[in-house]
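Comments concern the structure below.
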Amino acid sequence: MKKFRNIFFYILLIGGFSFLIYLALTAGSELEKGRHIVKLAASSKSSAHQFADGLIKNLTGPLATLLAQIAVIIIAGNIAGWLCKKMGQPRVIGEIFAGIALGPSLVGRFFPAFSHAVFPAASLSSLQFLSQIGLIIFMFVIGMELDLRAIKSKSKDAVVISHASIIIPFTLGIGLAYFIYRSLAPTGVPFFSFGLFMGISMSITAFPVLARICQERGINKTRLGALVITCAAADDITAWCLLTVVIAVVKAGSVMSFVYTALMAIAYVLIMLKGVKPLLKRIYSRNIRPGYVGMPVAMFFLTLIISSYATESIGIHALFGAFMAGIVMPDNITFRGVFVERIKDVALFLLLPLFFVFTGLRTQIGLLNDAYLWGICGITILVAVTGKFVGSASAAKFVGQSWKDSLSIGALMNTRGLVELIVLNIGYDLGVLNKEVFAILVIMALVTTFMTVPILNLLDKIFGKSPSEDELPAELPEGAFISGDR
């Protein structure tokens, strides 16, 4: 009985209101009298042609184009990442290769129609901004995953190794810039800016990739793993601070402008550490309950947005603001873990692949079309490996590590990955790096990341298992970023 009653009510509801709509439209047509009504011109095309034109217009619209790009990027990135996993390499290698393949180096060269249809030049600005959102969330996650207390507890050896792994390649990078400045630096860019960016591009270690490799090889809970992860974390903080200074110098244009920018940056850091961090801690302690993080989430995301906006306005890039926002989040490890779990998948598997492809669309390997440029590419890779690998390994040996552990630290610190690509894109956007140098440095980032696992495997064959790998450290860095492999 109830079933028939519902059907009767449904028919009465739809039929009655449909009749009222008909009456309203009929009465409304009477209102047209005395008014100049413009009729739309009738199309001479058939209904099928009109439908086809509308479909093409819909498919080439901004939103449809962006959604198609995201679908293609995710499919290509996952396939390439899966293949790299099978080869024992981090996913990021495959995703970077996928990005380059979808760009002008492969698809754009051999399948130009597909490239123009999926990645038209007019749509790249939307793709760039969306990828920047992914980077901001990613840097926020890295900042949250860093445990500064663990870094302090192992600071003696870690600081020596990490700073050696920065200053040595930075110096070599400036030396390389001296020899290629006249032939490859963009016109109008001063050597000071070009040299600083070449130096910082040689100095980067991809902390997330390094931590992921340590986890996959089972050394993240050994003394070697604890030391190298701490070194990479300290390296990450130092490198980002150094990059902030370099960006400020490049953007300032004059000494006094840089001084003002530096003072504002120092004031910003002090406000974040001394003002915002205690405030967020109080908000967390007052609103949090066991297993619940909902109440403060809006405030924490607002902190991320305002912090990124502040550093972008100051002139030291929004990514540093996101990184600092992650650092000042409440120190509760459980809370940080739950909070990161809620946002990492969107950042790592949806938005970051957009950045890889956007980087690939900028990377034109075909521009390296003569022996001189390929020679510079080889020298760049040699300088990068010498500075990072040899510098880190030598410092580790000096502070008392075994030969195997020292060489392992050197190999891991030589890993670059996503963080290097972020730096290169910043340099490209600022006009400090041209297309040729950008392509050379992207190739260097791929080679140095790809070579890490084979070197570690070779060291295992030569030295066997190191005694240090049998011992658990007294205190591990709890904040190591091992939830992704970027």
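Quick note: numbers below take in every heavy atom, side chains included, and nothing from hydrogens, waters or symmetry partners.
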- Task: With sequence neighbours left out, write down each residue that passes salt bridge (Lys or Arg N to Asp or Glu O under 4.0 Å) with K397, or none if nothing qualifies.
- Result: none

- Keeping to residues at least two apart or across chains, list the ring pair (Phe, Tyr, Trp, His ring centres under 6.0 Å) pairs with something in residues 395-443. Y428-F438

Quick one: side chains of residues 266-279, donor-acceptor pairs under 3.5 Å with protein atoms, not counting sequence neighbours, listed by atom name and distance.
{"residue": "Y268", "atom": "OH", "partner": "S307", "partner atom": "OG", "Å": "2.6"}
{"residue": "K277", "atom": "NZ", "partner": "D331", "partner atom": "OD1", "Å": "3.0"}

Partner residues of [X] under the side chain to side chain contact (heavy atoms under 4.5 Å, CB included) criterion, sequence neighbours left out:
X    : answer
I133 : I137, L351
S203 : I166, P169, F170
A384 : M202, R416, M444, T448
K281 : none

- Query: Okay, side chain of Q89, backbone of C84: is any donor-acceptor separation there less than 3.5 Å?
  - Reply: no

- Message: Under the side chain to side chain donor-acceptor pair (under 3.5 Å) definition, can you give me all pairs with a residue in residues 360-382, not counting sequence neighbours?
- Response: S183-Y372, R362-N425, R362-D429

- What pairs of residues pass the salt bridge (charged side-chain N to carboxylate O under 4.0 Å, His left out) test when at least one of them lies in residues 313-326, not counting sequence neighbours? none

- Task: Sequence neighbours left out, what pairs pass salt bridge (charged side-chain N to carboxylate O under 4.0 Å, His left out) with at least one residue falling in residues 224-233?
- Result: none

- Message: Measuring from atom CG of L412 to atom CG of D405, what distance do you get when rounded to the nearest 0.5 angstrom?
- Response: 10.5 Å

- Does the side-chain hydrogen bond (donor to acceptor under 3.5 Å, both in side chains) test come out yes or no for T449 and T415, once each step is laid out? CA-CA 5 Å; T449 306; T415 302; 5.9 Å; no

- Quick one: closest heavy-atom pair of L319 and I422, and the distance? CD1-CG2, 3.2 Å

- Item | Plane angle bin for F191 and Y178 - parallel if under 30°, tilted between 30 and 60°, otherwise perpendicular | perpendicular

- Item | Partners meeting ring-ring contact (aromatic ring centres under 6.0 Å, His included) with F450 (sequence neighbours left out) | none

- Message: List the residues meeting ring-ring contact (aromatic ring centres under 6.0 Å, His included) with F179, not counting sequence neighbours, and say none if there are none.
- Response: none

